[in-house]
Engineer: 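Handing you this structure, nothing more for now.
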Amino acid sequence: MNLNQKNISKISEQIPCPTYDRSQLKNGIVHIGVGGFHRSHQAYYIHQLLEKYSGTDWAICGVGLREADRNMANVLNTQNCLYTLVIQHPNGKVESEVIGSITEYLLAVDNPQLVIDTMAHADTKIVSLTITEGGYNFNPITGDFNFENPDIQHDLTHPNHPKTVYGYLTAALRKRRADGLPPFTILSCDNIQHNGDMTRKMVLAFAKKQDVALAEWIAKEVGFPNAMVDRITPVTTSEVTNYLENTHGINDQWCVVCEPFIQWVIEDNFSNGRPALEKLGVQFVPDVTPYEKMKIRLLNAGHSVLGVPGAIHGHPTIDACMNDAVFAKFMRYFMDKEATPILGKIEGIDIEKYKDNLEERFANPNIKDSVSRICSESSAKLPKFLMPTLRENLDTGGSIEYATFILAAWCYYSDKNMDENGVSLEIIDVQKDELHQAAVGTEGNWKTFLNQPEIFGDLIENEKFVKEYTSAVQAIYKEKNIRKLMEDLVSNHFSKWKKQ
Ligand code: CS2
């Protein structure tokens with residue numbers, strides 16, 4: 001059975017399918033960046049809203065901005081935008097459900113005007129984004145908008161034929177303003193602290209260059225809620241696709257697999273209405289800062305702390321890392337000794353429980369979250385997830401050895417391109433070549449990798465950090481046994497290699 005609207009009644013004999021009338025839905029949300037995460041998280045919440053409560057206003061029109069999204073467009077369009085969400089519990093229980101909240105998928109490169117018109121349509125109340133941590137186009141050192149990006153320059157001179165998210169957002173807002181419509185809310189769903197404030201700063205910088213009056217209108221009228229999003233969503237593998245085919249006879253070309261845990265905390269700052277997501281457990285709070293900081297500094301950083309050395313050692317997945325007592329302990333010590341002291345107390349949250357729960361989530365044996373996904377785009381992730389904790393500990397005199405060890409491991413990973421067993425690594429990073437170039441030659445100059453100010457800022461000038469980094473990187477290159485060094489660190493025998 002191919003997954004599509006026509007086959008829904010047959011498929012519903014196998015697994016739950018939308019019971020609401022999809023043909024009656026209006027697209028209140030346009031979402032840019034329809035990856036696995038959007039489909040396991042926001043689209044799942046909206047699906048539940050449509051399923052449990054009446055209302056037709058908040059369906060989703062998905063948008064892909066890049067040529068690389070063509071495959072997704074083809075699959076979703078042949079499946080009437082239906083897909084199966086496969087929720088994998090740690091005890092082996094599997095819950096599969098067909099999600100129907102996305103009603104349309106547009107590939108922007110094929111018809112930019114259609115995307116602008118859809119965003120500018122009166123029904124659209126929210127434009128949400130998962131464009132990845134690296135997708136916001138800011139200069140990592142200054143935090144300012146990067147006008148040097150050729151695509152941005154193109155968008156500034158071709159306002160009606162944009163390529164970037166900023167070109168689309170401003171083109172659609174310009175049209176709404178001219179049409180006398182209220183603007184949509186811009187809702188970032190990426191793992192960046194103060195993601196709403198940051199998006200606002202970027203949109204305003206771009207808009208101001210194009211049209212000062214438009215920028216003023218945006219500044220006054222558009223809501224940019226900060227939000228914390230959470231659900232671990234690994235890359236879909238053929239194992240999951242085959243599972244659906246073999247167990248239920250469903251042919252879904254791009255199902256999504258995820259953990260049972262789900263969380264969304266949002267500042268209630270919407271300029272044009274919002275769905276009643278609180279009915280589904282979404283938390284609306286006045287200030288999301290403590291939640292996002294906790295999530296990014298523990299969960300996302302914790303992932304990298306396992307993933308980077310995991311890749312070098314040859315652990316294929318995060319649960320395999322957690323199954324290795326040395327890795328699990330190393331990650332917990334990082335959280336306890338370096339991340340937690342910086343977080344301080346968070347009102348209403350038991351941090352110890354939060355960390356215990358993270359350990360369980362990471363160890364879920366049915367998630368199989370590949371370390372290659374976790375290490376992907378480390379050049380955008382580590383400066384956001386890990387380095388702020390390191391810097392704050394440098395300022396306060398706190399421990400830096402775990403975070404620093406991970407940066408040293410990242411140098412080795414970027415340099416060697418293969419694990420310690422000689423198996424080549426799948427490195428996915430837009431900066432892959434630059435990282436490799438920066439790491440080559442480490443053995444002649446131990447701190448050469450730090451000569452990347454766009455990533456490390458001025459850390460190379462910090463004596464304490466450089467000393468710690470140099471001993472870690474030397475040990476990793478010389479010992480060629482990262483697990484052993486991690487074991488030394490967690491069992492306090494580290495003086496052995498630190499003195500070298
Ligand atoms: C991961 C996240 O990208 C990463 O490295 O830490 O994708 C993580 O799985 C999600 O943020 C979970 O909510």
Side-chain angles (χ1 to χ4, degrees), residues 33-45 85 87-88 90 128-136 188-193 195 226-237 256-266 281-283 288 291-311 315-319 321-322 327 331 334-335 339 354-355 357-364 366-389 403 406-407 409-410 413 425-431:
V34 185
F37 178 73
H38 170 70
R39 292 186 294 150
S40 75
H41 190 261
Q42 184 179 341
Y44 175 68
Y45 274 118
L85 186 63
I87 302 176
Q88 300 269 17
S128 50
L129 316 172
T130 42
I131 53 175
T132 78
E133 293 74 44
Y136 284 83
S188 166
C189 301
D190 283 294
N191 293 310
I192 297 178
Q193 246 177 278
N195 52 11
N226 290 311
M228 179 267 245
V229 292
D230 194 3
R231 188 169 225 187
I232 294 176
T233 309
V235 176
T236 304
T237 59
V256 181
V257 63
C258 67
E259 62 170 344
F261 182 93
I262 186 164
Q263 192 178 19
W264 200 0
V265 189
I266 317 177
V282 173
Q283 294 159 264
V288 85
Y291 298 91
E292 54 183 16
K293 192 168 175 189
M294 174 182 73
K295 194 253 167 169
I296 293 170
R297 304 287 187 94
L298 292 172
L299 186 150
N300 297 114
H303 258 161
S304 302
V305 164
L306 292 170
V308 175
H315 283 317
T317 56
I318 292 298
D319 66 294
C321 295
M322 289 300 288
F327 276 70
M331 199 272 299
F334 159 75
M335 293 201 295
Y354 183 82
K355 290 186 286 190
N357 187 246
L358 279 187
E359 289 182 329
E360 278 171 36
R361 292 171 63 194
F362 286 176
N364 184 337
N366 304 310
I367 282 296
K368 302 265 168 281
D369 201 4
S370 63
V371 297
S372 70
R373 179 186 87 84
I374 296 303
C375 297
S376 69
E377 308 308 335
S378 284
S379 61
K381 290 177 183 174
L382 294 179
K384 293 265 163 273
F385 299 170
L386 191 70
M387 292 184 208
T389 296
I406 296 304
L407 297 180
W410 185 36
Y413 166 95
L425 291 167
E426 188 200 5
I427 300 184
I428 307 160
D429 199 309
V430 282
Q431 299 282 342

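Counting starts at 1 for both ligands and their atoms, in listed order.
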Engineer: For ligand 1, does K295 get within less than 4.0 Å through its side chain, its backbone, both, or neither, judged by non-hydrogen atoms?
Structural biologist: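 Side chain only.
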Engineer: Checking a contact table here: which protein heavy atom is nearest atom 1 (C) of ligand 1, and how many Å away?
Structural biologist: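 Going atom by atom, the protein heavy atom closest to atom 1 (C) of ligand 1 ends up being H303 ND1, 3.3 Å.
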Engineer: What residue and heavy atom of the protein are closest to atom 12 (C) of ligand 1, and at what distance?
Structural biologist: D230 OD1, 3.3 Å
Engineer: Any side-chain to backbone donor/acceptor pair from K381 onto I374? Under 3.5 Å, distance only.
Structural biologist: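 Here the side-chain-to-backbone pair exists.
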Engineer: Around atom 7 (O) of ligand 1, find the nearest protein heavy atom and jot down its residue, atom name and distance.
Structural biologist: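 Checked against all protein heavy atoms, atom 7 (O) of ligand 1 sits closest to R373 NH1, 2.8 Å.
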Engineer: Going by the order shown, which atoms of ligand 1 are within less than 4.0 Å of some heavy atom of R231?
Structural biologist: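 Listed by number with element: 12 (C), 13 (O).
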Engineer: Check the pair M228 / K293 against side-chain contact (heavy atoms from CB on, under 4.5 Å), numbers first and verdict last.
Structural biologist: CA-CA 9 Å; M228 179 267 245; K293 192 168 175 189; over 6 Å; no
Engineer: Report the C-alpha distance between S378 and Y413 in whole Å, list the side-chain angles of each, state the deciding distance to 0.1 Å, and finish with yes or no for side-chain hydrogen bond (donor to acceptor under 3.5 Å, both in side chains).
Structural biologist: CA-CA 11 Å; S378 284; Y413 166 95; 5.7 Å; no
Engineer: Run I131 and Y136 through side-chain contact (heavy atoms from CB on, under 4.5 Å) and show every step you take.
Structural biologist: CA-CA 7 Å; I131 53 175; Y136 284 83; 3.5 Å; yes
Engineer: Return the closest protein heavy atom for atom 2 (C) of ligand 1 as residue, atom name and distance.
Structural biologist: N300 ND2, 3.4 Å
Engineer: Of the protein's non-hydrogen atoms, which lies at the shortest distance from atom 5 (O) of ligand 1, and what is that distance?
Structural biologist: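 Checking every protein heavy atom, the shortest distance to atom 5 (O) of ligand 1 gives K381 NZ, 3.0 Å.
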Engineer: For N191, which part has a heavy atom under 4.0 Å from ligand 1: side chain, backbone, both, or neither?
Structural biologist: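 Side chain only; the backbone of N191 stays clear of ligand 1.
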Engineer: Do the charged groups of D230 and R361 touch, with an N to O distance under 4.0 Å?
Structural biologist: yes
Engineer: Tell me if a side-chain donor or acceptor on R231 pairs with a main-chain N or O of E259 at a distance below 3.5 Å.
Structural biologist: yes
